[in-house]
Amino acid sequence: MTPVHPSRHAMTEDELLRQAPAAYMNEVQQQFFRSLLLGQRVDLQQRIEQEFRALREQEVHSDPADIGSAEEERQWQLRSLEREKKLLDKIDQALERLARGDYGWCEETGEPIGLRRLLLRPTATLCIEAKERQEQKERHLRDER
């Protein structure tokens, strides 16, 4: 991954995690996550383009069994593209939060989301406690149905 400022070396995950808690979401950490998100965005855009190309190039089958198989494959590819498009939107939203200075802070509590959680899910908007509450609420609503 290339840093945005070529004159500086890219911080590693270990260096990021070794920083003092008081350094949370300082300029260097924001730059780390900006580079990470931009790299993921480029990779995702390339995958989406490849999948679109594969969809356009699918051959037409005359055998009914082949047609059914091809349609099933096409539906799977479309679902995959939809998931990737949603992830692309989440990456763009995370980059917007970085630009506003809101990145890394829980939307519900205002507490830090945490570096380890952001490394695992750079698009996270909730700290782990708020996410767990959200999931419990969703489970409860599903159980009521």
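Throughout, residue positions are numbered sequentially from 1 according to the sequence presented.
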* To the nearest 0.5 Å, what is the distance between CD (Gln45) and CG (Leu88)? ->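 Here the interatomic distance stands at 5.5 Å.
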* Asked: Once you round to the nearest 0.5 Å, how far does CZ of Arg139 lie from CG of Asp143?
  ->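 Atom-to-atom, Arg139:CZ and Asp143:CG are 8.5 Å apart.
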Side chain to side chain donor-acceptor pair (under 3.5 Å) against [X], all qualifying residues, sequence neighbours excluded:
X	result
Gln19	Gln29
Lys90	none
Glu129	none

* For Tyr24, all residues meeting ring-ring contact (aromatic ring centres under 6.0 Å, His included), sequence neighbours excluded ->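 Here the qualifying residues are Trp105.
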* Candidates Gln136, Glu144, Lys137, Arg142 - the one meeting side-chain hydrogen bond (donor to acceptor under 3.5 Å, both in side chains) with His140 ->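 Option passing the side-chain hydrogen bond (donor to acceptor under 3.5 Å, both in side chains) with His140: Glu144.
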Do [X] and [Y] share a hydrophobic cluster, counting only Ile, Leu, Val, Met, Phe, Trp and Tyr and linking them when any side-chain heavy atoms are less than 4.5 Å apart?
X	Y	value
Leu81	Trp76	no
Leu95	Val42	no
Leu87	Phe52	yes

* Between Tyr103 and Pro122, is there a donor-acceptor pair closer than 3.5 Å when you use the side chain of the first and the backbone of the second? ->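 Yes.
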* Between Ser35 (side chain) and Gln31 (backbone), is there a donor-acceptor pair under 3.5 Å? ->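 Confirmed, Ser35 side chain pairs with Gln31 backbone.
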Check: [Y] and [X] side chains under 4.5 Å, non-hydrogen atoms:
X	Y	result
Gln93	Thr125	no
Thr123	Leu37	yes
Glu138	Leu141	no
Leu119	Leu16	yes
Gln40	Asp43	no
Phe32	Leu115	no

Which pair of non-hydrogen atoms, one from [X] and one from [Y], has the smallest distance, and what is that distance?
X	Y	value
Leu98	Phe33	CD1-C, 4.1 Å
Cys127	Ile113	N-CG1, 4.0 Å
Ala54	Gln77	CB-NE2, 4.0 Å

* Asked: Which pairs, with at least one residue in residues 102-126 and sequence neighbours excluded, count as a salt bridge (charged side-chain N to carboxylate O under 4.0 Å, His left out)?
  ->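 Every pair satisfying salt bridge (charged side-chain N to carboxylate O under 4.0 Å, His left out) with a residue in residues 102-126: Arg100-Asp102, Glu108-Arg133.
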* Asked: Any salt bridge (charged side-chain N to carboxylate O under 4.0 Å, His left out) pairs touching residues 75-86, not counting sequence neighbours?
  ->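 Pairs touching residues 75-86 that pass the test: Arg47-Glu84, Glu82-Lys86, Lys85-Asp89.
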* Asked: Run the side-chain contact (heavy atoms from CB on, under 4.5 Å) check on Glu135 and Leu126 step by step: do they pass?
  -> CA-CA 11 Å; Glu135 288 172 354; Leu126 298 172; over 6 Å; no
